Amino acid sequence: MTPSSPRTALVPRPAKARVKGGQFTFDAGTRMRVTAGAEPAADLLRTLLAPATGLPLPPAADGPVVLVLDTALTGLGSEGYGLTIGPQSVLLRARSVTGLLRGVQTIRQLLPAQALAASPRPGVRWTVPCADITDVPRLPWRGAMLDVARHFQPLPYLLRYVDLLALHKINVFHLHLTDDQGWRMPVSAYPKLTEIGGHRRQSLIGPGGDRYDGTPHGGAYTRADLTRLVVHAAARGITVMPEIEMPGHSRAALAAYPHLGNRPGRTLDVWTRWGVCDTILGVHEEVLDFCRTVWEEVMDVFPSPYLHIGGDECPTTEWERSPAARSRARSEGLTGPAALHGWFLDRIGTFLTRQGRRPVGWAETGSELPAGFTAMAWRDPAHTLHAARRGHDVINSYHRATYFDYPQSAGPDEPPGQPGGVVGLRDVHGHDPVPGTAPPHTAARILGTQAHLWTEYAATPARIEYLTYPRLCALADVGWTGPTTWADFSARLAGHTARLDALHVGRHP
Ligand code: ACM
């Protein structure tokens with residue numbers, strides 16, 4: 001589809017699209033025929049269009065807007081859809097409800113951008129251009145991670161965050177719920193995790209240095225909040241994958257329950273610094289019981305098949321100094337305390353696998369995760385292929401292309417961000433998560449890609465959106481469409497910004 005008109009500047013770009021002459025007009029009398037099973041897509045279309053358009057789209061057996069769920073459409077896979085728009089009709093077809101939900105977002109993008117506004121826009125003609133679209137994603141995993149541990153974000157913002165992901169056909173919302181600086185997941189058997197671990201005294205200001213802001217920060221979700229998030233995301237075809245970090249990045253848990261650590265009798269605060277903390281979980285039975293109990297509650301709340309258990313940046317000095325950890329390493333027949341890292345992840349991963357779930361971990365070298373783990377390879381571009389060759393499914397998370405906590409330019413006006421790099425829009429757009437050198441059987445293990453926003457320097461929704469957009473538009477395009485030319489992408493993005501503006505996304509210019 002040519003990006004010549006803002007209306008057809010679709011992001012992500014459909015696999016196949018042809019714009020024809022003419023248009024279909026939605027009005028107050030437009031009815032919708034919805035085949036059995038397609039109701040969730042009809043509900044979503046009504047929900048998304050109601051605030052600005054007020055279109056009721058009532059059901060009718062002879063309605064000109066038709067949503068069809070047809071399991072025989074095998075070529076469309078689990079997320080694809082076909083959309084045929086003529087002057088008298090709109091036909092959206094898919095093999096799965098998820099495919100219909102993706103098509104609903106395309107219809108929304110084809111309408112005038114005012115359709116995305118949060119309040120009534122009277123006087124606009126709600127037209128969509130006639131077109132034939134057949135659209136199937138290139139990669140099955142197109143994710144976005146938000147770190148709500150460094151800076152808590154309340155539920156209403158998470159719901160909006162998910163709405164914006166859905167507009168871009170992102171299908172995984174990775175929620176980083178725990179870290180050294182905060183624990184946001186309620187666990188009924190361990191109430192102090194949120195009561196104590198959910199609050200820190202203050203935070204380090206800016207990258208480097210030793211200056212603190214003196215401002216307490218805190219917050220935690222309730223089960224009802226998280227359940228509402230899961231339901232809201234599912235209605236938009238998005239899976240919420242929770243992450244509970246272990247055995248490192250767990251200082252907030254240790255502040256709440258110091259006996260889970262490696263030095264009996266010690267008390268710790270919820271960490272006020274950023275970076276890698278050397279206090280980590282112990283390896284005694286009580287810790288494993290704790291982890292299983294936490295995961296049982298997490299599994300109760302999150303139906304996601306994938307569960308992220310962290311595993312990154314885990315210094316093992318505490319284990320090396322701990323008689324209990326050294327003895328555990330010996331009794332497990334390990335080469336030494338450092339090998340407890342893989343042992344720990346394997347114990348938890350096996351537990352999750354037995355419950356029918358799939359463990360995900362951060363891969364720092366591509367070699368360290370136990371078999372059966374899906375790897376998020378973040379450090380080096382070569383690690384994606386390395387982990388895939390070792391038999392892991394991999395989500396390409398190369399930090400120089402997917403970490404949105406890096407500033408978007410080296411300009412003097414950028415707000416403080418993660419030091420040490422710049423991730424520009426072109427870096428995101430130009431990074432192919434499936435390296436061209438990958439042989440087919442290795443490439444097949446690369447499930448997709450994911451944006452990551454660590455929030456040391458992003459305390460507010462406004463800052464989160466500034467860092468996320470428009471870079472997420474590029475990542476969504478790479479994951480759904482595959483490589484496109486910069487000219488093609490940037491022309492479509494120019495049209496797409498009218499939608500972001502209608503949604504009041506405070507994007508980077
Ligand atoms: C990471 O950036 N520590 C996964």
Side-chain angles (χ1 to χ4, degrees), residues 141 143-151 172-184 204 207-208 241-253 271 273-281 306-317 341-342 344-345 348-349 359-370 373-384 386-387 392-407 416-423 427-428 431 433 446-458 464 467-468 471-472 475:
W141 187 301
M145 184 281 283
L146 182 64
D147 164 14
V148 293
R150 268 46 173 268
H151 281 104
V172 178
F173 176 25
H174 170 175
L175 189 60
H176 183 80
L177 280 163
T178 70
D179 215 301
D180 298 312
Q181 297 86 356
W183 183 288
R184 315 293 176 208
L204 202 58
M241 175 179 70
E243 179 182 358
I244 307 291
E245 273 266 15
M246 47 189 60
H249 283 294
S250 53
R251 167 97 162 218
W271 217 31
R273 301 191 62 80
W274 312 129
V276 178
C277 181
D278 60 8
T279 45
I280 63 171
L281 292 174
Y306 290 91
L307 301 171
H308 201 307
I309 72 174
D312 60 314
E313 297 180 325
C314 180
T316 53
T317 34
H341 179 253
F344 192 108
L345 294 180
I348 305 303
V360 181
W362 296 108
E364 266 153 25
T365 63
S367 291
E368 76 278 42
L369 289 174
F373 271 62
T374 296
M376 280 194 175
W378 66 279
R379 270 213 176 136
D380 185 295
H383 292 165
T384 289
H386 183 63
H392 294 290
D393 286 345
V394 191
I395 292 124
N396 189 323
S397 301
Y398 176 44
H399 66 122
R400 294 298 177 138
T402 70
Y403 271 32
F404 292 177
D405 48 331
Y406 285 120
Q418 195 63 252
V422 166
V423 171
D427 298 314
V428 184
H431 176 71
I446 303 170
L447 302 184
T449 186
Q450 187 169 289
H452 302 273
L453 185 54
W454 305 104
T455 58
E456 286 92 333
Y457 312 111
I464 289 170
L467 291 169
T468 303
R471 288 186 287 191
L472 189 94
L475 185 121

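Heads up: numbering here begins at 1 and tracks the sequence. Just follow the structure's listing: the first ligand is 1, and inside any ligand the first atom is 1. Quick caveat, the model's predicted, so the values are computed rather than measured.
Going from atom CD of Glu456 over to atom CZ of Arg273 covers 12.0 Å, rounded to the nearest 0.5 Å.
Side-chain contact check for Asn396 and His431: at least one donor-acceptor pair (N or O, by modelled atom type) lies under 3.5 Å. Trp362 and Glu243 share a side-chain donor-acceptor pair at under 3.5 Å. Using a 3.5 Å distance cut-off with no hydrogens or angles, the side chains of Glu368 and His341 do not pair a donor with an acceptor.
Contact residues of ligand 1 (protein heavy atom closer than 4.0 angstrom to a ligand atom; sorted by chain and number): Asp312, Glu313, Trp362, Trp378, Tyr403, Trp454.
Scanning for side-chain hydrogen bond (donor to acceptor under 3.5 Å, both in side chains) contacts around Arg379 gives an empty result, with sequence neighbours left out.
Ring-plane geometry between Tyr403 and His399 is classed as perpendicular, the angle between the planes exceeding 60 degrees on a 0 to 90 degree scale with a lower cut at 30.
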